[in-house]
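Since the structure comes first, as structure tokens, the remarks are kept for the end.
When reading the values below, keep in mind they use all heavy atoms of this one structure, side chains included, and skip hydrogens, waters and symmetry mates. Positions are given from 1, in the same order as the sequence printed here. Nothing here was measured: the structure is a model prediction, and the numbers come from that model.
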Amino acid sequence: MSAVDPLPNASSPEFISLCEAQVRIVQQGVQVDWCGVYLSRSPTQTEEPELIPLVLYPSAETSIYSEKPFLQVPRPDSSFGLLPSAPDTLDIVDLEDMVPYGASDEIQAHQQLVFPLVYQEIMLGVLVAGRQSAQWQSSEIAQLEEVAHTLAIACILDQRQRWYLQQLRQQQLRQSWEREHLDNLFHQLRNPLTALRTFSKLLLKRFWGDEKTQSVIEGISRESNHLQELLQAFEADLAQSDTEVTVPTWETETLQESVIPALLPSSGLGLMPIVLQEILEPILLSEQAIAQERQIQLDASLPKNLLPIQGNAAALREIFSNLIDNALKYTPSGGQVFVTSGLTTITERGQWQGVEIADTGYGIPLSDQDHIFERHYRGVQAEGEIPGTGLGLAIVKELVEKMQGRIELLSPNQLSQNPTYPGTTFTIWFLVAP
């Protein structure tokens with residue numbers, strides 16, 4: 001027995017081994033003189049389809065097929081039993097003639113039989129079996145049909161596996177390309193970011209004593225530091241994913257889903273006692289400059305001596321920066337934005353402390369509120385002129401939940417007297433640190 005090259009569509013070694021085992025079963029169980037598995041090779045537009053021998057018994061060197069190892073497949077409008085131009089030594093028979101339904105248990109007419117490997121009307125190949133003297137029994141025909149059916153299923157699974165492997169390789173190439181360009185982007189951002197931080201330090205020295213200018217420069221320095229922290233956290237997550245995320249192999253019985261690291265602010269949030277006032281005050285200083293430029297009144301109420309909450313500083317900065325920035329973005333000139341901390345409530349889980357960000361802006365329609373925290377969802381805002389990606393609120397919700405908190409939405413909030421601007425209020429609750 002031998003596997004004959006060339007292999008149709010590069011059949012896998014596992015499928016070839018299965019074919020060899022099935023041919024061995026046929027040779028031993030049915031006692032054939034010769035047996036072979038032929039697979040169909042897809043033709044080009046100028047070629048007729050062919051059947052290529054994959055496994056033969058006896059081996060190709062001694063087989064009666066050795067001089068003419070190829071069979072021609074009929075055109076689509078022909079029946080399988082009318083294979084034209086077959087090798088002289090092969091007697092191709094019509095499947096209707098192979099089994100005398102309701103007649104004798106013996107088949108008198110033919111010594112060689114051909115069984116199609118067909119799966120869901122797809123012609124995949126044939127199983128050929130023959131012997132010189134003994135007549136075929138119906139039980140032997142049934143056994144050969146089962147072997148052909150098994151090979152057809154195995155063949156289609158083998159083809160699907162090769163397709164999935166090809167798709168996986170293409171995806172890996174795409175990911176490799178994206179990673180390379182991402183690394184280049186980080187490298188190109190690093191130098192301008194360092195320069196920005198250096199210029200802000202020089203400006204602080206030059207305008208020392210000018211409180212109004214100094215607060216703006218401090219905001220630039222603070223935001224550039226924030227960008228550097230995000231960049232470092234993102235790079236750390238990518239480095240960790242390179243060592244932890246594995247591609248599933250076909251040998252594994254259960255495919256494990258690859259874990260994508262959270263990009264902001266890091267894949268793992270370490271929780272510790274944090275005073276919200278210390279997080280909010282620097283952010284409000286930066287946002288105050290934006291509010292003044294857009295002619296929006298930004299008011300804040302931050303009571304002192306509040307109990308610390310259980311949170312993560314980087315995540316909290318990301319949450320409040322996104323929410324306050326959104327409030328300013330979706331509030332027209334002349335509007336108001338309010339930031340209020342110190343809200344308290346008690347539930348079965350413990351004591352909670354809340355922060356409220358409210359505005360007199362365009363509001364969020366009720367039809368959008370069920371989806372507003374979904375990634376890339378913008379609802380009616382996608383039809384407007386205000387740019388956005390639909391990621392901010394999704395990131396906020398994810399980070400709040402990672403800190404075991406919760407977020408509430410209210411729109412309209414009744415803060416505006418103008419029905420055109422119903423306003424929006426987000427309230428974020430965090431557990432008070434034990």
Do [X] and [Y] have side chains that approach each other closer than 4.5 Å (heavy atoms only, starting at C-beta)?
X: Glu20; Y: Val37; result: no
X: Leu393; Y: Asn322; result: no
X: Phe15; Y: Cys155; result: yes
X: Gln404; Y: Gln310; result: yes
X: Tyr362; Y: Pro422; result: no
X: Leu285; Y: Arg222; result: yes
X: Ile319; Y: Met403; result: yes
X: Leu124; Y: Tyr38; result: no

>> Applying side-chain contact (heavy atoms from CB on, under 4.5 Å) to Ile296 and Ser333, what does each step give before you reach the verdict?
In response: CA-CA 6 Å; Ile296 298 173; Ser333 297; 5.5 Å; no
Could you give the distance from [atom1] ([X]) to [atom2] ([Y]), rounded to the nearest 0.5 Å?
X: Phe115; Y: Leu144; atom1: CZ; atom2: CG; answer: 4.5 Å
X: Leu151; Y: Ile156; atom1: CG; atom2: CD1; answer: 13.0 Å
X: Phe430; Y: Gln351; atom1: CZ; atom2: CD; answer: 15.0 Å
X: Arg24; Y: Gln28; atom1: CZ; atom2: CD; answer: 7.0 Å
X: Leu343; Y: Ser341; atom1: CG; atom2: OG; answer: 7.5 Å
X: Leu168; Y: Gln175; atom1: CG; atom2: CD; answer: 8.5 Å

>> Does Trp136 form a side-chain contact (heavy atoms from CB on, under 4.5 Å) with Leu113? I'd like the steps, not just the answer.
In response: CA-CA 9 Å; Trp136 294 104; Leu113 303 179; 3.7 Å; yes
>> Once ring pair (Phe, Tyr, Trp, His ring centres under 6.0 Å) is applied, do any residues pair with Phe338, and if so which ones, sequence neighbours excluded?
In response: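 With neighbours one apart ignored, the set is empty.
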> Residues two or more places apart in sequence or in another chain: which of them pass side chain to side chain contact (heavy atoms under 4.5 Å, CB included) with Gln414?
Replying inline: Pro412
>> Test side-chain contact (heavy atoms from CB on, under 4.5 Å) on Ile357 and Phe320; report intermediate values, then the result.
In response: CA-CA 9 Å; Ile357 294 94; Phe320 293 126; 4.2 Å; yes
Between [X] and [Y], what is the shortest heavy-atom contact and its length?
X: Ser416; Y: Thr360; answer: CB-CB, 4.0 Å
X: Ser221; Y: Ser200; answer: CB-OG, 3.6 Å
X: Thr425; Y: Thr427; answer: CG2-OG1, 4.0 Å
X: Asp33; Y: Pro58; answer: O-CD, 3.7 Å
X: Leu39; Y: Ser11; answer: CD1-OG, 3.6 Å
X: Gln369; Y: Ile364; answer: NE2-O, 2.9 Å

[Y] and [X] side chains, donor-acceptor separation under 3.5 Å:
X: Thr345; Y: Trp429; value: no
X: Thr420; Y: Asn418; value: yes
X: Glu229; Y: Asn225; value: no
X: Gln27; Y: Trp34; value: no

> Which is it for Cys35 and Leu127 under the side-chain contact (heavy atoms from CB on, under 4.5 Å) test, yes or no, and what are the steps along the way?
Replying inline: CA-CA 7 Å; Cys35 185; Leu127 169 67; 3.8 Å; yes
> Applying salt bridge (Lys or Arg N to Asp or Glu O under 4.0 Å), which residue pairs with at least one partner in residues 118-131 are found, sequence neighbours left out?
Replying inline: Arg131-Glu140
> Can you pull the salt bridge (Lys or Arg N to Asp or Glu O under 4.0 Å) pairs that have at least one residue in residues 352-369, sequence neighbours excluded?
Replying inline: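 Sorted result for residues 352-369: empty, none.
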>> Does Glu293 have more than 12 heavy atoms from other residues, nucleotides or ligands lying within 6.0 Å of its CD?
In response: no
> Is the side chain of Asn312 donor-acceptor paired with the backbone N or O of Leu271 at a distance under 3.5 Å, no angle test?
Replying inline: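 Such a contact is absent between Asn312 side chain and Leu271 backbone.
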> Can you list the residues that meet the side chain to side chain donor-acceptor pair (under 3.5 Å) rule with His371, with sequence neighbours excluded?
Replying inline: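 Side chain to side chain donor-acceptor pair (under 3.5 Å) check on His371 returns Glu374.
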Under 3.5 Å, which donor-acceptor pairs do the side chains of residues 323-331 form with other protein atoms, sequence neighbours left out?
{"from": "Tyr330", "atom 1": "OH", "to": "Arg378", "atom 2": "NH2", "distance (Å)": "3.1"}
{"from": "Thr331", "atom 1": "OG1", "to": "Ala327", "atom 2": "O", "distance (Å)": "2.5"}

